[in-house]
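We use all heavy atoms of the structure for the numbers below, so side chains are in, but hydrogens, waters and symmetry mates are not.
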Amino acid sequence: MALTQEVQVILFKPQGSIDLEGGKALSEQMAEVLPQAHQLWVIDLAEVNFMDSSGLVPLVKGLKAARQSGCRLVLCNVQAPVRLILELTQLDTVFEIFHTYQDIFTTIENNSLVLAG
């Protein structure tokens, strides 16, 4: 009997600014999904051109909820203004950040090959 566990990807694609208002919208969107151990939450920030400190709240809350459930949350396509706020708050060391969406899966495949070997 073969047992395979597929990773379920949950993709969030906020747009514009993640400030107080945009952060609330992202929080509400993330609250609609119950994090589970087999899920990979991806927050694709390709279309986010601004984030302030209030925009960090839904990201940190999401990361906390994901980790408590054994779920993995990653960021990708982080634009320069958003990367700056992550670096200033040192959250760039807390979040897994990938250059592109595709990089996430290349890394996962490489890691699983290493683990299997």
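- Counting heavy atoms from C-beta on, the side chains of Phe50 and Pro81 never come closer than 4.5 Å.
- Residues Leu11 and Leu75 do not share a hydrophobic cluster, defined by chaining ILVMFWY side chains whose heavy atoms lie under 4.5 Å apart.
- Two different hydrophobic clusters hold Leu56 and Val74 under the rule that ILVMFWY side chains link at heavy-atom gaps under 4.5 Å.
- Not one N or O on the side chain of Glu47 forms a donor-acceptor pair closer than 3.5 Å with the backbone of Leu45.
- Under a hydrophobic-cluster definition in which Ile, Leu, Val, Met, Phe, Trp and Tyr are linked whenever side-chain heavy atoms come within less than 4.5 Å, directly or via other members, Leu86 and Leu26 are assigned to the same cluster.
- Residue Trp41 is grouped with residue Ile97 when hydrophobic side chains (ILVMFWY) are merged at heavy-atom distances under 4.5 angstrom, including chains of intermediate members.
- Between Asn77 and Thr100, the shortest heavy-atom distance links the atoms OD1-CA, 3.5 Å.
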### Task
Would you check, one step at a time, whether the test side chain to side chain contact (heavy atoms under 4.5 Å, CB included) holds for Leu59 with Leu63?
CA-CA 6 Å; Leu59 294 182; Leu63 182 62; over 6 Å; no
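- Of the N and O atoms on the side chains of Asp52 and Ser54, at least one donor lies less than 3.5 Å from an acceptor on the other residue.
- Across every non-hydrogen atom of Val94 and Arg67, the tightest pair is O-NH2, 3.2 Å.
- Summarising the geometry of Val82 relative to Met51, their closest heavy-atom pair is CG1-CE, 3.5 Å, with the distance given to 0.1 Å.
- Put simply, the side chain of Ile43 reaches to within 4.5 Å of the side chain of Met30, judged on heavy atoms.
- In this structure a side-chain-to-backbone donor-acceptor pair under 3.5 Å is present from Gln39 to Gln36.
- Between Pro35 and Ala65 the shortest heavy-atom distance is CG-O, 3.8 Å.
- Counted by atom type alone, Asp103 and Thr106 present zero donor-acceptor pairs between their side chains at under 3.5 Å.
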### Message
Please evaluate residues Thr93 and Glu87 with respect to the criterion side chain to side chain contact (heavy atoms under 4.5 Å, CB included), reporting the C-alpha separation (whole Å), side-chain torsions for both, the decisive distance (0.1 Å), and the verdict.
### Response
CA-CA 8 Å; Thr93 62; Glu87 289 171 357; over 6 Å; no
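- Phe95 and Val57 are members of different hydrophobic clusters when ILVMFWY side chains are connected at heavy-atom separations under 4.5 Å.
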